[in-house]
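Have a look at the structure below, then the notes.
Because the structure is a prediction, the values reported are computed rather than measured. Residue numbers start from 1 in every chain, and the chains themselves are labelled A, B, ... in the order their sequence lines are given, proteins ahead of strands.
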Amino acid sequence: MVDLTLEIRKTAKELLEKGEAKVVLGWEKGNFPYSTTPVFIDKPEDTERLIWDEYCINNLALYMLDYKHLDGKVGIFVKGCDSRGINRLVQDKQLDREKVILIGLSCPGMKDEKKAKELGPNADIPMAQKCQDCRYPDPVVYDVFLGEKQNKKVPEKIDTSDVEEMETKSPDEKYRFFTTNYEKCLRCYACRNVCPACNCKECIFDQTATGWLAKANNVSNNMFFALTRAMHVGGRCIECGECERVCSVNIPIMLLNKKIIKDINFLFGDYDAGLETEERLPLGGYDYTDPEEFM
Amino acid sequence: MKYAYFPGCSLSSTGIEYDLSTRETARVLGIDLWEIPEWNCCGASSGHLTDHLLSLALPARNMAIAEEAGLDVAIPCAACYARSKNTELAVCNSAEMRQEIEEVIERKYEGKAKARALLDIIANDIQAEVIKEKVHKELKGIKAACYYGCLLVRPLAVGFDDPEDPQSMDNLVKSLGGETVDWAYKTECCGASCPTTVPETGKKMLERIFESAKNAGANCLVTACPMCLNNLDMRQGQVEKTYSKKYDMPVFYFTELTGLAFGVEPTKLGLNKHFVDAMGLVNEVLKADGRRETA
Amino acid sequence: MKRVGVFICHCGTNIGGVVDCPKVAEIAKDYPGVVYSVDNKYMCSEPGQELIKKAIKEQNLDRVVVASCSPRMHEPTFRRCVENAGMNAYFMEMANIREHCSWVHASEKDKATEKACDLVKMAVAKAIMNKPLQKATIPVTDRALVIGGGIAGIQAALDLANAGHVVDIVEKEPSIGGKMAQIDKTFPTLDCSACILTPKMVDASSHPNINLITYSEVEKVEGFVGNFDVTIRKKARSVDMSVCTGCGVCMSKCPSKVDSEFEMLLSKRKAIYTPFPQAIPNKPVIDRDNCTYFKTGKCGICQKVCTLGAIDYTQEDEFVVTRYGAIVISTGFEQFDHSVYGEYGYGKYPDVITGMHFERLINASGPTMGKIKRPSDGKVPKNVVFIKCVGSRDVAKGKSYCSKTCCMYTAKHATLVTEKIEDSNVYIFYMDVRTGGKGYEEFYNRTREKYDAQYIRGRVSKVFKQGDKLIVRGEDTLLSQAVEIEADMVVLATAMVPQADASKLAQKIGIGYDKDHFFTEAHPKLAPVETHTQGVYLAGACQGPKDIPESVAQASAAAAKACGLLSKSEMLTEPIISVVNESICVGCGLCVPICPYKAIDLKTISERDHGKTIERLVADVNGGLCQGCGACTVACRSGALDLKHFTDQQILAEVNALCL
Amino acid sequence: MSVNEVQQNKEVEQNWEPKILVFACTWCTYAGADLTGLSRLQYPPNIRILKVPCSGRVNPQFVIKAFQKGVDGVLVAGCHPGDCHYTSGNYFTRRRFLLMRRLMEYIGMEPQRFQNRWISAAEAPKFQQVITEMTEEIRTLGPNRKLRDDQW
């Protein structure tokens, strides 16, 4: 893995010193060798804390929501998936493209931190599943680019083998699989809080007076939460897999999101979220020639 | 091209010439006819007058044997074709009827083996060029009134040609070099059993057919149904006596004409077995300058 | 908690015969919020409504639930009723326990009663969540559009124009007049069709308030009642209407001849033509498909001979967008394509023709100058056979309905044949003779007795040629014997069907149509000329088979309805529209492209946020444009957009009530 | 909260009757249901019709909420594409519910329990047929336990 840490620090320092950016957003080492945490640097001397290693897996895009009304620019380091997250926020009018300086980094694929925790520091840690399937290692949008682009040979279509495998199961088996998983859900909403597609001002799950989602933490309401969020991010999910990564009870959330992506591709034509910011979202429009199954 | 062959009772008795000419025509055209072993009577009109299930089960057994051999069934006689087609449609359209029938005939019949009228196969499946190319002796002098009768093209689900103005037999005769006339009684009933049971009505119906064919300038009638041929051929003399008219119109099976045109020896086709002497017209055709001598 | 009054209607025995209304009223008492529950024989009657008003006052009710028939029928009635008692009209909710319950579960009384209770429970739950709504006002443009320039369109336009409103008539053909212009005489008075039509056409063309837009079609219709923005495609006529005086020199000189559609292809017209002599506007049109100039680039004679230089080959289709307050649709009918009836030999035998062909043959300005001649050899026919119900009343191959007018115009044809051809014989095969208008039965009797037309009750099985005669074989069911007639000419009375593109036009305007593509009226008995789309009215055969008197009556009715709308410069609109909760809206803008009426756009608002004044985008719904479909509310993930009277919470309340 | 009993008890409780919620758009399906009544075409009394202005108003979340509340089947019915009174409402319905049906089937909900059909105001016989068929299908499936919120 090319060591760009020095370059990152230099670039961040320049931005802050020249005052081009009020704050720079990157990664710094966490308490364990396999963990990194996002860091907000607003003083040039603190740029030393920035690092670039195989564990910079966090998607930084969503933190931009906190800076919506900052009068000044924000520098942010973006991998492939992060850049798609930025496009999503711009498309949803939650981020003004001019107020952010994107520093692109080609991503070699990050390690699986959970496996690292299990196998201990010196074992051979496998790459995270989502990075193995990654189709956009190079950022799709950036202002500055550090290092070279890999132009790696990437799979043409999203891998939905796990979804297809699940589809073959009987209704009761599928139901048991999802309810046993979502029975564990604590409704901590970490998955929602990290997701670049979930950028509402006040999420319906927080508006308890509406009667949509009851407070009770049982399977039925957890499933309501899971299915509703899956439909809400339908056509918006950039397959960054952060929801699954941050889930404290390891629920395979991407199985739901990938199912919807697979169906959107099948029903309305291939669509990758976050590649541009002008086109209409799949669920934001319709086509006369959509498949007809309700006659 | 291989078909299961269902001759039916008429073709083994009064309509023997239809069977002879069919086998000869098939031989020339390279159609392999595999006679259904121990085929049973299709029940014809007496079948469906007594009991609906009986009328469906009788042909079903023949169709089941054909289906086991994986063959569609070529059926010369219009009545047998109509009964078999009804069975096939009944089986395809309703699962309970199929189950009832299978119980009676103690065999499986899913409706995959299709009932095909022999005229449909020869006139429509086989291209006109193939027929023309096989013609050894053009039917010069034949001015045929093609008579389809009431069963072959009706009802719409069973018929394979336009119920009001069928053309398949006309086209076939034309490709054999003969001429056909446009007349109004193509699909009017020949009286079926009336000429025997209610002679004054039956004879009136026959007289109208002969009259119309005569007016249209035809010198012979061509049909694809043994019952029609019987009435038109056997009773022509009685009708002439009753209405003191002179028609002297030979009645052929269309397979006799194909056989003749393909150069098969007339007696092998049974052309000498007609009540109204057909040999006169046949010899006229043979004498006329044929197109080319082939083996 | 809101005080809810429940009123269960027996509707005579319609509901009471199946649903145990007193029991439902009893059970409804312990639904949450219900303080008063009673059943009554006829809720919608005067005493019934008095009962509601009295209860509102005495029990000081906040909400009213009426369990009776379909809200599509009496919602306005009960809304007015509660309004008169001082309650907001939208606090009234209905439960449909007739069409959706008693009428469809007649044999399962207790299950129907149980279902009625559930439906009442749902209505109560929703009523409790209902909010007070006031109708808003929107502007009404004082201009009407009439689509279709037949007798119905002309009559509607004249009535509207005489009431002082500006009217545009859009007509697909080069001239107005429609089917009536092709007809010779009209029943039952046998007065000449053109004589009663052309004066009206002239009135329409000379009326200051009426603009004729002929040889044009409606391309697109946007907007809504009072504000229809209609795009009209004015097809290129290749003739400058302002210059042309209609002298007709170009028509006489034009070399290429074409079968005239107006004359039912029985005679020819030129490539540059007016459909018929009395055409209005009496200015020709170039049929570009058959004009040699447009096909090969040669010719151009019409341009040379035109002294005024009115011919302009370079004309293009022109699109005009105008705003209208009301639309009257009078697109009329077409003849049923009866080629499915091979047995009648139509198309094979030239002497088998339809009623409209016959009209052109007997018409003085027709191809045979009014003499009835056989299209095949021009001879005058002696035996003429008429076959009725060709396509009508035939579920198997044709239309299931009766076309209403054929009995009368066939009787008229029979009379005219007997009048025009001495010692001619007329045979009419019929199933029934339907003479439902004024003077119709007497006309039919005269045809039979004075003009001794032979009415044979039975169907025709086959028509075939023998020599130069046509043998018509049928059955006389009264004598129960087969019948054979040697005819010289056979006339088929074909069914009336709507225009081929009727369903497309309906979709453009947003109105319903039935399985035969006739436009659907708001209510078959109580609102025959209105449609479910406010501001769109129907007149004439486009709504269903009818004859001239009925079409004219409907035209005036539609005009009256439109006048009612156009007489006011403003009108009240349904307050069921979307509304944005700006505190929740994040301004993502996904709802904007959803709205078919473009009623939503984003606006910037400024607000205090942590001590700073910031500006941000929020969605903004234009109440005038929004028609209340609610598609945007589902697209809004955070639920900032909600549809009044069908809010998320109201619907959720109904769902919850159904199951607890 | 222990894992609540998810295995469906196949033997049907004796007096269980399927309860089906139908979202019907006012202009077409609701009017079609009215016409079914007008023509006295009988059908099983298991459905409860909830009127919405347009099928485009039906939020997939209502469907999940209905199953939570113990409904045995949900039908979302509206105008045929092209006939919508609001021109495009049902096109959105089609997109949303093409996805939603597959998602519900994916998490184990039997497809017959959640159906979508276009039924116009003139198609009374079709309304009767769809309701009768759906009721029978759900009767054979038995009561719905899935997604059910057993708190109440």
Please rank [options] by heavy-atom pairs under 4.5 Å with chain A and give me the top one.
options	result
D:Ile64, D:Val76, D:Ile107	D:Ile107
D:Trp118, D:Tyr106, D:Tyr91	D:Tyr106
D:Met109, D:Met104, D:Gln61	D:Gln61

(request) Name the region of D:Met100, side chain, backbone, both or neither, that has any atom closer than 4.5 Å to a heavy atom of chain A. (result)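 For D:Met100, backbone and side chain are both near chain A.
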
(request) Check each atom of D:Phe67 against the heavy atoms of chain A and say whether the ones under 4.5 Å are side chain, backbone, both or neither. (result)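 No part of D:Phe67 comes within 4.5 Å of chain A.
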
For [X], which atoms come within 4.5 Å of any heavy atom of chain D: side chain, backbone, both, or neither?
X	value
A:Phe177	neither
A:Asn222	neither
A:Leu267	side chain
A:Tyr286	both
A:Ile264	both

(request) Using modelled atom types only, decide if a donor and an acceptor are shared between the side chain of A:Gln91 and the backbone of A:Glu279 within a distance under 3.5 Å. (result) yes

(request) Output yes when a side-chain donor or acceptor of A:Lys259 lies under 3.5 Å from a complementary backbone atom of A:Met254, and no otherwise. (result)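 No, because the side chain of A:Lys259 does not come within donor-acceptor range (under 3.5 Å) of the backbone of A:Met254.
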
(message) To the closest 0.5 Å, what do you measure between CG (A:Asn87) and CG (A:Asp272)?
(response) 12.0 Å

(request) Please determine which of A:Arg88, A:Arg84, A:Lys130 meets the salt bridge (charged side-chain N to carboxylate O under 4.0 Å, His left out) test together with A:Glu239. (result)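 The residue from A:Arg88, A:Arg84, A:Lys130 that satisfies salt bridge (charged side-chain N to carboxylate O under 4.0 Å, His left out) with A:Glu239 turns out to be A:Arg84.
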
(message) Over 60° means perpendicular and under 30° means parallel, so tell me whether A:Phe205 and A:Phe225 are parallel, tilted or perpendicular.
(response) perpendicular

(request) Step through the shown structure and confirm whether more than 12 heavy atoms of other residues, nucleotides or ligands are within 6.0 Å of NZ on A:Lys115. (result)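 12 or below, so no.
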
(request) Flag this pair as yes if the NZ/CZ of D:Arg101 is under 6.0 angstrom from the six-membered ring centre of D:Phe114 and inside a 45 degree cone about the axis; otherwise no. (result)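 The answer is no, since D:Arg101 fails at least one limit relative to D:Phe114.
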
